[in-house]
Amino acid sequence: MCGIAGILQIDPNSYYKEHLKKMADALSHRGPDGEGFWQNNSNSILFGHRRLSILDLTEAAAQPFHYLDRYTILHNGEIYNYIELREELKRKGYQFRTQTDTEVLVAAYDCWKEDCLAQFDGMFAFAIWDEKEKEFFAARDRFGEKPFYYIYKTGPKSFLFASEIKAFWSIGLGKGFNKKMLFNFLTIGYTDNPTQPDETFYEDVKKLPAASFLKIRMQPDILIEIEKYWDIDVEEQDEQISDEDAITRFHELFKTSIKRRLRSDVPLGTSLSGGLDSSSIAATICELQTTNNKLQTFSAIFPGFEKNEEPYIDEVTNHFSLQSFRTVVSDEEIPSLFERIVQQQDEPFGSAGTLPQYKVFELAKRNNVKVLLDGQGADEILAGYHKYYKWYWQELFRKRRLISSGELEKTKKIGVNEKFEFKNIIASLFPDFASVFLERQYLLHALKQEDLSKEFVHLQSKEAYYTTPTIFILNGALYFNTCLHGLEELLRYADRNSMAHSREVRLPFLSHELVEFLFSLPSHFKIREGWTKWTLRKAMDKTLPSAITWRSNKIGLEPPQLSWMQLPRVMEMIHEAKRKLINEKVLKPGVMNKKIRPSGAYEKDNYDWRYLVSAQFL
């Protein structure tokens with residue numbers, strides 16, 4: 001886990017090592033254990049690295065890493081199956097001088113070229129310069145756990161890349177704000193563009209999309225080619241698989257994923273929210289451990305808040321005799337904490353949920369735990385959110401099985417009050433029409449946002465980024481949130497918050513083998529008898545306390561944002577943000593006279609929170 005930065009240039013006099021050094025210094029929090037720089041003889045290729053040592057702590061594993069007198073690599077992330085790949089490559093004649101996954105990665109590239117990406121179980125963003133072919137190759141993991149940003153300049157022609165946008169700012173590049181992204185964030189809350197996955201909040205800054213690789217040939221010009229290397233077949237499902245086989249296979253893949261993500265040469269622990277996902281990880285780690293050392297867990301709690309999950313955390317820690325560390329976000333620290341997170345995130349964030357997450361990683365750092373496993377991704381691949389009920393019910397209605405399945409009644413019986421209304425029937429029968437209608441409604445809603453100045457709205461293309469799944473089954477909705485819109489946003493928050501404290505976060509639910517298997521299962525393996533995440537619940541039924549396995553109240557890491565927004569200093573900050581947005585001609589002057597409307601972390605129209613956040617980046 002590290003920070004990477006680099007420059008490719010036609011004119012060797014455009015940028016020098018001092019520029020690269022500034023970029024790497026801006027990423028020092030990502031890699032406090034060392035730094036390294038390299039440039040080729042012509043000064044057309046410059047690589048910089050900040051190291052966070054996780055595997056092979058020796059100097060032999062330092063980066064930029066050179067291999068076969070041909071390749072130079074920068075690597076951020078982990079290849080979890082590097083041990084298995086190293087053995088396979090040894091059988092092919094490759095030799096290794098380190099115990100790091102980076103050497104395995106570059107050897108795999110030499111062996112299979114871009115097809116090596118299919119071999120990796122991991123989270124990664126890496127860049128390789130091939131001196132023999134004069135070719136640059138970069139790739140990003142399947143779900144976008146690790147970041148890769150770039151700027152392509154046409155005069156003089158150059159290509160700059162880095163782990164975080166602030167690296168470009170350090171040399172005076174990439175500050176121009178993307179007003180269309182701002183418009184969409186303020187109106188519908190999107191922090192990305194699902195129709196154009198390379199877009200960011202800054203006009204000149206692009207990101208390499210998840211599950212994609214990038215090639216550049218330097219002669220006679222900088223020629224960029226981007227290609228997607230992985231996708232999920234949403235509609236190909238195994239209708240014959242039995243419950244027993246599905247649960248057994250899931251359990252095997254889940255344990256394999258966790259076992260690989262426990263590989264570390266530094267202390268390791270796990271986050272624990274009290275929910276099903278993080279509890280399942282903690283329980284499985286305990287099952288796999290061969291030592292008597294108590295697993296260290298890290299949690300955020302909210303004493304006095306109705307959605308405080310501390311009783312569930314107690315249930316898990318007591319059941320497995322875990323070592324539990326907990327942190328509280330005090331009202332007094334909210335303003336300064338918010339400012340620190342703004343400095344780390346580089347782009348707007350949709351709720352105050354980032355605050356307790358930041359504190360959890362800070363807590364791990366205080367206790368010298370460098371790697372944390374976390375449950376992110378489970379909600380998207382296992383239908384954990386209540387919004388997925390309607391997708392399942394619409395699918396059943398289309399198949400004329402909704403009433404006979406009893407799913408509506410069973411869901412109510414466990415205390416979940418989701419509704420299936422006339423509009424859902426229409427969506428079931430005419431999904432294409434429903435999608436167009438919804439997109440049109442969201443656009444009209446965005447354009448009618450009364451706080452926005454007419455000038456700001458007029459400057460936009462009048463095209464909201466809101467879009468819906470194009471495959472009208474539950475798996476289609478899960479695919480949309482896993483691969484197109486939703487999950488990557490959460491992964492960005494986690495990456496910046498963890499790396500702010502030089503901690504590595506690993507996500508067992510995002511093993512691509514596990515994800516592919518879950519998408520091969522029909523919908524009733526995700527939701528059944530009213531229960532979301534049915535397969536996970538059944539797999540953990542004999543391991544976790546039933547109070548955890550069969551919880552029906554979905555909370556997640558939800559903080560008391562509504563009360564935080566009522567704090568005097570936070571209200572002052574919101575007023576200051578509004579004033580700034582008015583000066584930028586984004587908001588109407590009359591907005592200053594409107595009463596601030598505090599909102600919960602996941603309320604639909606939390607406009608004042610969006611004003612507060614977005615103003616920090618202008």
Side-chain angles (χ1 to χ4, degrees), residues 1 54-55 77-85 101 120-124 141-143 145-146 246-299 313 316-317 319-324 360-361 364 369-382 384 482 487 491 494 498 503-519 533 535-545 548-549:
M1 183 68 69
I54 303 292
L55 296 172
E78 303 287 353
I79 306 299
Y80 300 120
N81 62 333
Y82 75 101
I83 293 176
E84 292 82 359
L85 284 176
D101 59 333
F120 299 151
D121 173 12
M123 56 174 182
F124 52 82
D141 63 73
R142 294 171 177 84
F143 303 102
E145 293 181 61
K146 293 294 100 187
I247 294 165
T248 298
R249 181 61 178 152
F250 170 84
H251 213 169
E252 290 172 351
L253 289 169
F254 188 52
K255 285 199 292 186
T256 297
S257 178
I258 291 177
K259 187 175 181 179
R260 288 176 176 174
R261 284 156 180 77
L262 292 176
R263 292 169 173 171
S264 172
D265 293 332
V266 295
L268 180 148
T270 188
S271 61
L272 181 64
S273 69
L276 175 63
D277 310 332
S278 62
S279 300
S280 297
I281 292 171
T284 305
I285 293 174
C286 291
E287 181 183 348
L288 292 170
Q289 275 186 335
T290 57
T291 66
N292 292 322
N293 295 334
K294 287 187 176 181
L295 175 65
Q296 293 177 294
T297 65
F298 299 87
S299 310
I313 295 170
V316 177
T317 55
H319 186 85
F320 294 102
S321 300
L322 307 177
Q323 192 175 359
S324 178
V360 167
F361 292 118
V369 171
K370 213 168 187 178
V371 177
L372 284 184
L373 274 66
D374 189 270
Q376 276 195 326
D379 287 316
E380 288 77 12
I381 62 176
L382 281 154
T482 301
L487 179 59
L491 298 177
S498 61
R503 304 300 99 178
E504 177 173 288
V505 59
R506 299 177 174 182
L507 308 177
F509 283 102
L510 294 186
S511 157
H512 70 281
E513 294 168 328
L514 177 63
V515 172
E516 288 168 350
F517 171 70
L518 284 170
F519 272 94
K533 300 180 184 174
T535 298
L536 175 60
R537 293 181 195 271
K538 294 297 288 186
M540 301 306 298
D541 192 25
K542 295 179 181 178
T543 306
L544 285 172
I548 302 297
T549 309

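All values reported here derive from a predicted model rather than from experimental measurement.
- Residue Leu382 holds its CG atom at 7.5 Å from CG of Asp277, rounded to the nearest 0.5 Å.
- Residue pairs meeting the salt bridge (charged side-chain N to carboxylate O under 4.0 Å, His left out) criterion with at least one partner in residues 508-517, sequence neighbours excluded, are Arg260-Glu513.
- Here Leu295 contributes atom CG and Thr317 contributes atom OG1; the two are 11.0 Å apart, rounded to the nearest 0.5 Å.
- Annotation: side chain of Leu487 is in contact with side chain of Leu510 (closest heavy-atom distance under 4.5 Å).
- Side chain of Asp141 to backbone of Lys146: a donor-acceptor contact under 3.5 angstrom is found.
- Under a 3.5 Å cut-off, the side chain of Asp265 and the backbone N or O of Leu55 do not form any donor-acceptor pair.
- Between atom OG of residue Ser264 and atom CD1 of residue Ile54 there is a gap of 5.5 Å, rounded to the nearest 0.5 Å.
- The ring-ring contact (aromatic ring centres under 6.0 Å, His included) test applied to Phe250 returns Phe254, not counting sequence neighbours.
- Remark: Arg503 CZ to Ser271 OG distance equals 14.5 Å, nearest 0.5 Å.
- You'll find the side chain of Val515 stays beyond 4.5 Å of the side chain of Phe509, heavy atoms only.
- Using a 4.0 Å cut-off between a side-chain N of Lys or Arg and a carboxylate O of Asp or Glu, Glu78 and Arg263 do not qualify as a salt bridge.
- Residue Gly384 comes nearest to Lys533 through the heavy atom pair CA-CE, 3.4 Å, listed as atom of the first residue, atom of the second, then distance.
- Pairing each heavy atom of Ile247 with each of Ala539, the nearest pair is CG2-CA, 3.8 Å.
- Counting heavy atoms from C-beta outward, Leu507 and Ser257 have side chains that stay 4.5 Å or more apart.
- Put simply, the side chain of Phe320 does not reach to within 4.5 Å of the side chain of Thr297, judged on heavy atoms.
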Practice task
Any chance you could lay out the salt bridge (charged side-chain N to carboxylate O under 4.0 Å, His left out) test for Arg506 and Glu145, step after step, and finish with the verdict?
Solution key: CA-CA 9 Å; Arg506 299 177 174 182; Glu145 293 181 61; over 6 Å; no
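- Summarising the geometry of Ser299 relative to Leu272, their closest heavy-atom pair is OG-O, 2.6 Å, with the distance given to 0.1 Å.
- With a 4.5 Å cut-off on side-chain heavy atoms, Val369 and Phe298 count as touching.
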Practice task
Evaluate the side-chain contact (heavy atoms from CB on, under 4.5 Å) criterion for residues Phe124 and Asp101: first the C-alpha distance (whole Å), next the side-chain angles of each, then the deciding distance (0.1 Å), finally the verdict.
Solution key: CA-CA 11 Å; Phe124 52 82; Asp101 59 333; over 6 Å; no
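- Screening Leu253, Ile381, Leu536 for a side chain to side chain contact (heavy atoms under 4.5 Å, CB included) with Leu518, the sole residue that qualifies is Ile381.
- Rounding to the nearest 0.5 Å gives a distance of 5.0 Å between NE2 of His251 and OG1 of Thr543.
- Here CG of Leu276 is found 6.5 Å from CG of Leu544. Values are rounded to the nearest 0.5 Å.
- Using a 3.5 Å distance cut-off with no hydrogens or angles, the side chains of Thr549 and Asp541 do not pair a donor with an acceptor.
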Problem - Asp121 and Arg142: CA distance, side-chain angles, deciding distance, salt bridge (charged side-chain N to carboxylate O under 4.0 Å, His left out) verdict - result: CA-CA 9 Å; Asp121 173 12; Arg142 294 171 177 84; over 6 Å; no
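- The shortest side-chain heavy-atom distance between Ile548 and Val316 falls under the 4.5 Å cut-off.
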Problem - Derivation of the side-chain contact (heavy atoms from CB on, under 4.5 Å) call for Leu491 and Met123 - result: CA-CA 11 Å; Leu491 298 177; Met123 56 174 182; over 6 Å; no
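- When all heavy atoms of Ala246 and Thr535 are compared, the pair lying nearest together is O-CG2, 4.4 Å.
- With a 4.5 Å cut-off on side-chain heavy atoms, Leu373 and Ile285 count as touching.
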Handout entry: Met540 and Thr284: CA distance, side-chain angles, deciding distance, side-chain contact (heavy atoms from CB on, under 4.5 Å) verdict
Key = CA-CA 9 Å; Met540 301 306 298; Thr284 305; 4.0 Å; yes
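- With salt bridges taken as basic N to acidic carboxylate O contacts below 4.0 Å, none links Glu504 and Lys370.
- Side-chain polar atoms of Ser273 and Ser278 form a donor-acceptor pair below 3.5 angstrom.
- Between Thr256 and Ser511, every side-chain heavy-atom pair lies at or beyond the 4.5 Å cut-off.
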